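Worth knowing before you read on, the calculation uses all heavy atoms, side chains too, and leaves out hydrogens, waters and symmetry mates. As the structure is a computational prediction, the values presented were derived from the model and not from experiment. To find a chain, count down the sequence lines: A is the first, B the second, and so on, and within it residues start at 1.
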Amino acid sequence: LNPTPMLNELESGPWPSFVSGFKELAERTKKPMLRGVLDQLEYSYNTKMGYWKGGLVTVDGYGAGVITRYSMIKDKIPEAAEFHTMRIQPAPGLHYNTAMMRELCDIWEKYGSGIITLHGQTGDIMLQGIEEKYVQQCFDELNEAGWDLGGAGAGMRTAVSCIGPGRCENACYDNLNLHLKALKHFVGVLHRPEWNYKLKFKFSGCPNDCTNAIMRSDLAVIGTWKDAIQIDRDEVTAWVEKKGMDALVNQVINLCPTRAISLKDGEMHIETRDCVRCMHCLNAMPKALSPGKERGISLLMGGKNTLKVGVNMGSLIIPFMKMESDEDVEAFIEQIETIIEWWEDAGLDHERIGETIERVGLKQFIEGAGIEADINMVSRPRDNPYFKAPY
Amino acid sequence: LNPTPMLNELESGPWPSFVSGFKELAERTKKPMLRGVLDQLEYSYNTKMGYWKGGLVTVDGYGAGVITRYSMIKDKIPEAAEFHTMRIQPAPGLHYNTAMMRELCDIWEKYGSGIITLHGQTGDIMLQGIEEKYVQQCFDELNEAGWDLGGAGAGMRTAVSCIGPGRCENACYDNLNLHLKALKHFVGVLHRPEWNYKLKFKFSGCPNDCTNAIMRSDLAVIGTWKDAIQIDRDEVTAWVEKKGMDALVNQVINLCPTRAISLKDGEMHIETRDCVRCMHCLNAMPKALSPGKERGISLLMGGKNTLKVGVNMGSLIIPFMKMESDEDVEAFIEQIETIIEWWEDAGLDHERIGETIERVGLKQFIEGAGIEADINMVSRPRDNPYFKAPY
Amino acid sequence: MSSPERKWKTIESGPHTYEEALHPVVRKNYGKWKYHEIPKPGVLMHVAESGDAIYTVRAGTPRQDTVDMVRLLCDVADKYADGHLRFTVRNNVEFLTPNKENIEPMIQELESLGFPVGGTGMCVSSVSHTQGWLHCDIPATDASGVVKSMMDSLYEEFKDMKMPNKVRLSTSCCSINCGGQADIAIVVKHTRPPRVNHDHLAMVCELPKAVARCPVAAIRPTVVNGKRSLMVDEAKCICCGACFGACPAMEINHPEHSKFAIWVGGKNSNARSKPSTMSIVAHNLPNNPPRWPEVNEVVGKILNAYKEGGRPWERVGEWINRIGWKRFFEETGLTFDDNMIDSYRHARTTFNQSAHVRF
Amino acid sequence: MSSPERKWKTIESGPHTYEEALHPVVRKNYGKWKYHEIPKPGVLMHVAESGDAIYTVRAGTPRQDTVDMVRLLCDVADKYADGHLRFTVRNNVEFLTPNKENIEPMIQELESLGFPVGGTGMCVSSVSHTQGWLHCDIPATDASGVVKSMMDSLYEEFKDMKMPNKVRLSTSCCSINCGGQADIAIVVKHTRPPRVNHDHLAMVCELPKAVARCPVAAIRPTVVNGKRSLMVDEAKCICCGACFGACPAMEINHPEHSKFAIWVGGKNSNARSKPSTMSIVAHNLPNNPPRWPEVNEVVGKILNAYKEGGRPWERVGEWINRIGWKRFFEETGLTFDDNMIDSYRHARTTFNQSAHVRF
Ligand code: SRM
Ligand code: SRM
Ligand code: SRM
Ligand code: SRM
Ligand code: SF4
Ligand code: SF4
Ligand code: SF4
Ligand code: SF4
Ligand code: SF4
Ligand code: SF4
Ligand code: SF4
Ligand code: SF4
């Protein structure tokens with residue numbers, strides 16, 4: 001290994017160091033690419049500029065899933081002339097058994113650098129550092145082991161789910177199942193992008209939104225419920241006995257955003273029609289309170305980050321859909337198909353669906369997607385008279 | 001009088017009827033114009049259309065203040081062929097003595113229809129119904145009696161003040177005095193409009209904003225204070241004794257927008273640095289609480305109604321200025337001059353100053369007007385990185 | 001315009017001075033008030049630091065007054081208020097007197113003259129009033145008639161103080177809305193793009209001004225019968241009426257297609273919540289003179305629900321924010337529809353960017 | 001690209017299946033969980049309706065892992081977690097076990113391997129991580145180095161639960177912000193318009209795409225040395241960097257002029273307040289590898305003030321909303337300046353349209 005004084009600074013301190021990891025891997029495997037990458041990174045740290053450029057590499061039949069990186073300084077550092085990434089879709093909920101994991105590592109070490117990111121922000125396992133010539137073989141072996149490439153480009157992207165029913169008492173639908181079904185359904189356009197721009201799903205089991213779906217997915221599928229919060233009175237009493245009345249008032253009642261909770265004869269009372277399913281009281285009293293029994297999902301649309309229009313949080317489009325049976329799943333996928341058809345027509349190149357909705361109008365969008373207007377879609381009715389109604 | 005069956009419907013019911021008023025006046029004075037106006041109004045009620053068009057009438061040396069109305073159906077109803085309005089500036093606070101008032105009525109009856117609006121939304125006395133040939137004479141007599149025309153067109157407009165120190169315990173500055181001084185200062189451009197568009201002042205003694213300044217004036221001058229709310233402890237106790245602790249909690253403490261009020265050992269406590277001077281607690285307990293002693297004004301800018309950009313509420317531009325001495329008044333007028341100069345440069349034709357600020361940018365505006373940035377100007381810092389700072 | 005024999009030389013005095021217009025007790029205690037009470041509807045008591053008290057009696061007027069009416073009010077002022085009177089920003093008249101005994105006779109006299117005493121505290125006060133067919137050059141309806149019809153229905157609410165908080169109404173005869181934001185507002189809503197009257201236009205229009213006035217660039221120059229004129233891209237036009245103010249040939253008013261919309265939740269005071277603009281809650285109501293029963297009915301529904309459900313100090317908009325828009329529509333019996341979803345400049349900021357949902 | 005001797009026929013399977021990846025106790029109680037507790041930092045206990053309990057031990061990773069590191073984690077999983085492990089959306093690794101006795105030894109082993117146990121409850125969890133100089137084609141800084149530097153400083157906060165509520169951090173190596181909205185975010189802020197590399201552009205750029213990408217129409221076609229190229233209207237340009245993603249010749253990255261900004265108050269959960277975007281509170285911080293002390297210092301100031309002043313359950317943005325932005329700047333020692341006033345599309349909606357004022 002060449003000296004990397006800058007990077008070495010990142011080996012001190014208590015947090016696990018990626019630099020140490022890379023170095024140890026390089027020492028053991030002696031892969032020149034790893035040395036090259038460390039050298040190029042050191043060079044970036046010194047010059048404060050990046051030196052990768054894109055290109056086009058893919059596997060047979062696919063149009064996306066490999067992020068291509070060629071070095072702009074390969075004359076200086078030839079070992080990392082190519083440093084492509086393979087995006088791999090993990091299981092919903094990011095669950096593994098060690099057999100799967102070890103197999104993945106073995107294939108990856110065989111063909112690639114051995115650097116592995118768990119996980120990319122969109123949810124992919126990112127296998128970072130492979131040369132073009134090994135991509136197909138590596139993919140074939142991975143695919144045979146049950147793995148498939150993730151998304152890139154103007155198509156469906158890899159999705160993320162929270163752990164949901166896999167461990168969480170708040171899960172209002174089986175998000176792992178829906179994730180799997182939906183992504184399998186759209187697998188074609190994930191591999192062969194052909195839309196206006198990317199489209200991301202995220203599946204959160206409840207409005208705590210542990211996948212940050214609202215902010216970073218075009219289609220945020222968030223569990224919710226319609227009926228009253230379930231209250232275990234004994235556990236409420238136990239909670240108050242343990243934490244005190246002050247805590248009940250200051251940390252639960254007072255923090256309900258719509259003041260749906262009040263004290264009636266010293267008992268906590270929740271006015272269901274005032275509750276907006278924010279989750280706070282359930283979070284504060286997990287043993288005593290649980291979501292209602294009539295569970296399902298809300299669909300929020302248009303989440304994305306800063307580019308062009310500024311950050312856009314997803315907007316509530318479908319307040320509620322049941323998500324229990326296979327038919328529910330099918331109805332959901334059909335609805336998404338209709339939405340995408342509309343977007344394919346109405347959208348522009350490189351326009352996220354939230355941008356299209358904003359440009360064209362929410363009313364026009366719901367008409368196009370066959371969704372009924374609902375007051376829950378807006379925080380308030382319009383404050384200007386600037387519309388033409390068809391009367 | 002001709003039959004007006006539609007209008008007659010507006011003579012029944014308990015609320016005082018303008019139709020009866022007009023008719024009685026017409027019966028007594030026999031002015032044909034009144035008959036004509038009733039007939040034309042009846043005609044409008046039948047056809048559901050208006051029939052006035054504008055024109056240009058003014059008095060010697062002025063370019064505004066008379067709203068000209070010619071009938072579009074004068075062939076049908078010749079008596080109201082002309083029906084101009086003279087806008088007259090009342091005293092700040094809309095105070096009168098009966099001598100002033102009677103004199104005004106007498107002059108008006110001599111030259112005009114005798115219809116008088118108290119008051120127009122902008123604050124004018126509107127003398128409605130005069131022919132062009134009497135306008136100058138009528139004005140001369142009114143002017144001799146101490147009255148002057150109000151604004152119209154692209155210049156300074158007539159202002160409104162709440163009753164302020166004339167009766168109200170909440171008044172934080174002498175708004176009647178500032179109104180008089182400011183409007184006298186800008187009297188030239190009120191009479192001879194030459195700006196991009198209209199500019200309206202409104203002067204409210206406190207944040208209750210009884211003149212609706214924030215919504216309907218480009219320059220909303222609203223009284224406020226900097227130090228702690230004055231508390232008369234005995235009156236607090238008396239209030240609680242009379243209304244009960246529930247009322248204190250539910251109607252005062254709980255309604256403070258920033259939770260600046262709490263109960264400490266059963267006593268009401270106001271955390272001054274959390275108070276945003278909303279007025280609510282003072283309104284609820286007028287005997288016990290009063291504004292602090294360090295009083296002055298906030299300047300909000302850009303209020304206007306619906307046209308083109310949609311409603312725009314005024315925005316806080318100058319959080320605080322003292323307004324006690326003549327120097328304070330002068331400093332204020334100077335600041336307004338600077339602001340107008342900026343607007344004259346930066347604004348477009350028919351662009352209200354709030355529209356200019358929005359188009360050009362609040363930062364650019366405050367730079368131009370020599371006002372320092374203050375976090376109170378915004379509800380939050382920007383959520384996008386889209387700026388170029390001069391570093 | 002000025003007649004040659006003019007003798008008076010104009011004094012550009014601006015607003016009338018106010019000193020002489022103030023009641024002597026006001027002058028004495030100017031800026032030194034301590035507190036107020038509302039002893040009964042229509043009556044205020046303000047007490048000064050000096051211990052002086054001044055009583056105010058407030059009464060409604062039609063706003064479109066006459067010299068005769070004003071003289072009657074002056075008579076009352078002379079008799080009971082030491083020759084002083086004032087008007088409120090909502091067109092109510094006020095008489096100030098230090099003499100408590102004057103209150104009841106004054107109330108009786110005002111009422112017998114037809115001026116209802118009230119408009120104080122938690123009442124429905126007089127309506128913000130505009131010009132309408134009586135005087136404006138661009139109205140699609142009347143103002144005074146709408147106001148009169150509404151106040152007839154709300155008479156008792158004006159004279160009483162049984163609302164959760166003040167209720168401010170306004171009305172406007174075109175969507176420019178000179179009447180302004182209010183708790184409940186009745187405003188004309190155009191529903192068709194303007195028809196261009198090409199003959200008229202040729203005579204009266206400064207074309208570039210009219211083009212510039214359109215916020216959505218829907219107006220384009222064209223040539224009709226060899227004359228320069230304008231055309232409207234009807235797909236783009238948002239029926240705002242801005243062009244009509246610039247050019248009377250952009251005829252947007254229509255006896256049938258100019259409708260009414262009802263708006264709620266406007267608030268200008270800073271008390272508690274920040275000031276807020278109004279939201280549309282009903283539209284396509286007919287312009288139905290002389291009594292406009294359809295708009296009155298909607299206003300009634302809203303006021304009833306608010307009176308029933310509002311908590312003390314909650315303005316209409318604050319009540320709605322607490323119970324949520326969903327319940328507002330349920331409790332008033334009005335219907336939310338997709339036209340009420342904002343589509344203008346800042347529409348995105350009104351989207352529900354959360355999973356907060358009410359069922 | 002495909003080699004001719006390919007034998008495997010691709011199965012477009014999409015996401016990997018999850019059944020076999022779930023711990024047996026999870027499988028048994030799937031969707032039937034009753035409640036959870038956090039017995040200590042880094043440990044969760046979830047109890048199912050069946051009465052079964054499953055314990056989770058959570059540990060931090062560098063995210064930019066290696067096969068060796070992953071194999072180590074697999075060893076731990078085999079030893080203590082019945083051969084199962086998972087990752088959180090914040091790159092922490094989790095081991096689930098029904099055996100309470102496994103917890104302490106597992107913690108010890110993880111810590112001794114260098115993986116800090118923590119990241120639960122009211123802590124500072126791992127940073128949302130992006131690509132940076134390691135892999136991305138448009139970064140102005142590194143990501144992994146910034147994350148490592150920050151987490152070194154926040155190590156104790158990761159392992160503890162002493163914050164008012166969860167604190168989510170993110171970092172991004174260009175202003176596109178793949179890292180996302182967070183309680184506190186460190187994001188590159190370009191400060192100069194892109195320099196057009198005309199030679200490069202001629203070779204690589206789809207010109208209309210780059211032109212279309214600019215949100216403020218600052219890019220115009222031009223001709224340079226006889227070749228079609230682009231030019232930037234520098235007065236209009238808002239340094240957003242969007243064009244650079246479309247065309248690598250729009251060189252916006254700069255070793256000195258690409259700076260850092262610090263953002264606060266992003267929140268994605270719906271708990272209590274609606275989700276909210278972040279606000280800028282510091283900018284013009286140098287891009288200073290390998291340790292970025294200046295950004296670390298600002299983050300520290302914010303966290304200290306929040307830890308001190310936040311009430312239970314208040315996220316960073318909620319804390320600020322309660323105390324007000326004025327006090328936020330006072331208590332963190334940061335300085336509000338006029339660049340922080342919004343000037344983008346919905347700027348007006350951020351103006352303080354009220355007389356509510358804090359002194
Ligand atoms: C790898 C990853 C960051 C990471 O280290 O985790 C990443 C990396 C890039 N992102 Fe991203 N984004 C990644 C998740 C995100 C996310 C978060 C998410 O998906 O949850 C966002 C915010 C949410 C969103 O979709 O807006 C995100 C918003 C963007 C954007 C801005 C899109 C916008 O409309 O605002 C771009 C620019 C673009 O697409 O043109 C972008 C573009 C890119 C590109 C392709 C840069 C470019 O335009 O050439 C980066 C490739 C880097 C590389 O070398 O691999 N990336 N990007 C993430 C994908 C890993 C994965 O597949 O799991
Ligand atoms: C008379 C009056 C209504 C009334 O009956 O009280 C009125 C009447 C007219 N207003 Fe107004 N406005 C009147 C107060 C207002 C107010 C309220 C205020 O000033 O407090 C507003 C809302 C606040 C504001 O300034 O935006 C108002 C907003 C408008 C607008 C919209 C401006 C905008 O930018 O949104 C216009 C249109 C324009 O100026 O082009 C307008 C235009 C008009 C015109 C001149 C119509 C036109 O463009 O030809 C009307 C003349 C009517 C007439 O025949 O006298 N009027 N107008 C009010 C003036 C009386 C007075 O001098 O006291
Ligand atoms: C006389 C008048 C000012 C004037 O110079 O003309 C006035 C006078 C007073 N107002 Fe007002 N307000 C007057 C118009 C307004 C307006 C503007 C309007 O009505 O168009 C507002 C803003 C309305 C809005 O937000 O849209 C207004 C918002 C208030 C408030 C805040 C109410 C709230 O909770 O939002 C108070 C506080 C209160 O009610 O105690 C207030 C309080 C008061 C007090 C109690 C102040 C005082 O201590 O003397 C006065 C007697 C109120 C009463 O009538 O009960 N005044 N007040 C106006 C009477 C109008 C009328 O005839 O009905
Ligand atoms: C494991 C994980 C989901 C996953 O599938 O990976 C998860 C798991 C849980 N989350 Fe979460 N959250 C996870 C990421 C998130 C995220 C997204 C993120 O961190 O980027 C959010 C949204 C953050 C935001 O708003 O920006 C999130 C917002 C919440 C909240 C709401 C917090 C709030 O008050 O705003 C709760 C409620 C609570 O804390 O009791 C919650 C509660 C929980 C509970 C208690 C749910 C349960 O009953 O099991 C889980 C343990 C929490 C803990 O660690 O203390 N989880 N949670 C994620 C762990 C991330 C990590 O390693 O640090
Ligand atoms: S989003 Fe809800 S269901 Fe999913 S892990 Fe978080 S709290 Fe549990
Ligand atoms: S879930 Fe949220 S809105 Fe509903 S009662 Fe609980 S705290 Fe209130
Ligand atoms: S604005 Fe304030 S000072 Fe003026 S009358 Fe209203 S309450 Fe009194
Ligand atoms: S004036 Fe308003 S913000 Fe200040 S303490 Fe009173 S209620 Fe609270
Ligand atoms: S609201 Fe419209 S029609 Fe009515 S007075 Fe104002 S400008 Fe004229
Ligand atoms: S009505 Fe408004 S939108 Fe339509 S053409 Fe006229 S100005 Fe343009
Ligand atoms: S934030 Fe920018 S530089 Fe960093 S990975 Fe995302 S696109 Fe690349
Ligand atoms: S940096 Fe942004 S604003 Fe500047 S030219 Fe490029 S795309 Fe346009």
Residues C:V147, B:F18; criterion side-chain contact (heavy atoms from CB on, under 4.5 Å); working and verdict: CA-CA 10 Å; C:V147 168; B:F18 72 103; over 6 Å; no

Audit row: B:I115, C:D65, side-chain contact (heavy atoms from CB on, under 4.5 Å) steps and yes/no: CA-CA 6 Å; B:I115 295 179; C:D65 306 321; over 6 Å; no

Candidate pair C:I176 and B:N305, rule side-chain contact (heavy atoms from CB on, under 4.5 Å), full reasoning: CA-CA 7 Å; C:I176 278 176; B:N305 231 304; 5.8 Å; no

Full working for side-chain contact (heavy atoms from CB on, under 4.5 Å) between B:S20 and C:K148: CA-CA 11 Å; B:S20 306; C:K148 161 74 177 149; over 6 Å; no

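Although no hydrogens or angles enter the test, the distance criterion places no donor-acceptor pair under 3.5 Å between the side chain of B:N97 and the main chain of C:G83. Checking side-chain atoms of C:W133 against main-chain N and O of B:Y51 turns up no donor-acceptor pair under 3.5 Å.
Here the closest non-hydrogen pair linking C:G145 and B:Y45 is CA-OH, 3.2 Å. Minimum interatomic distance between C:E12 and B:G188 (heavy atoms only, all atoms of both residues): OE1-CA, 4.1 Å. When all heavy atoms are compared, the tightest approach of C:P290 to B:L10 is O-CD2, 3.3 Å. Across every non-hydrogen atom of B:G166 and C:V26, the tightest pair is O-CG1, 3.0 Å.
For chain B, the nearby parts of C:P312 are the backbone and the side chain; heavy atoms of each come within less than 4.5 Å. Contact of C:E19 with chain B is not made at all, since no heavy-atom distance falls under 4.5 Å. Using a 4.5 Å cut-off between heavy atoms, B:E358 touches chain C through its side chain atoms alone. For a residue to count as touching a neighbouring chain, one of its non-hydrogen atoms must lie under 4.5 Å from one of that chain's; by this rule C:R168 does not touch chain B. For a residue to count as touching a neighbouring chain, one of its non-hydrogen atoms must lie under 4.5 Å from one of that chain's; by this rule C:S258 does not touch chain B. Proximity to chain B is limited to the side chain of C:E37, based on heavy atoms less than 4.5 angstrom apart. Neither the backbone nor the side chain of C:E318 comes within contact range of chain B, judged by heavy atoms closer than 4.5 Å. Residue C:L113 does not touch chain B at all, counting heavy-atom pairs closer than 4.5 Å. Contact annotation for C:T88: only backbone heavy atoms (N, CA, C, O) come within less than 4.5 Å of a heavy atom of chain B. With a threshold of 4.5 angstrom between heavy atoms, C:K274 approaches chain B through side-chain atoms but not through N, CA, C or O. With a 4.5 angstrom heavy-atom cutoff, B:L104 does not touch chain C via any of its atoms. For C:M69, the part sitting under 4.5 Å from any heavy atom of chain B is the side chain, from C-beta outward, and nothing else. In this structure, the portion of C:Y155 lying under 4.5 Å from any heavy atom of chain B is its side chain and not its backbone. Proximity to chain B is limited to the side chain of C:Y344, based on heavy atoms less than 4.5 angstrom apart.
Aromatic ring pairs are classed by plane angle as parallel below 30°, tilted from 30° to 60° and perpendicular above 60°; the pair B:F83 and C:H135 is tilted.
B:D106 has a carboxylate O that lies under 4.0 Å from a charged side-chain N of C:R71, or vice versa, which qualifies the two as a salt bridge. A salt bridge links C:D75 with B:R102: the closest approach of a Lys/Arg side-chain nitrogen to an acidic carboxylate oxygen falls below 4.0 angstrom. Residues C:E256 and B:K48 are paired through a salt bridge, judged by an N-O separation under 4.0 Å between the basic side chain and the carboxylate.
Results of the side chain to side chain donor-acceptor pair (under 3.5 Å) test with B:R167 over C:E94, C:H23, C:H36 single out C:E94 as the only residue that passes.
In summary, the side chains of C:Q181 and B:N212 do not present any donor paired with an acceptor at a separation below 3.5 Å, with no hydrogens or angles considered. Side chain to side chain, C:H16 and B:Q89 fail the donor-acceptor criterion of an N or O pair below 3.5 Å. Side-chain N/O atoms of C:T10 and B:N143 include no donor and acceptor closer than 3.5 Å.
You'll find the side chain of B:L118 stays beyond 4.5 Å of the side chain of C:T61, heavy atoms only. Between C:K209 and B:H350, every side-chain heavy-atom pair lies at or beyond the 4.5 Å cut-off. At least one side-chain heavy atom of B:K184 sits less than 4.5 Å from a side-chain heavy atom of C:S13. Residues B:T98 and C:H84 form no side-chain contact, since every pair of their non-hydrogen atoms from C-beta on lies 4.5 Å or further apart.
Counted within 6.0 Å of CZ on C:R345, heavy atoms from surrounding residues, nucleotides or ligands total more than 12; the atom is thus considered enclosed.
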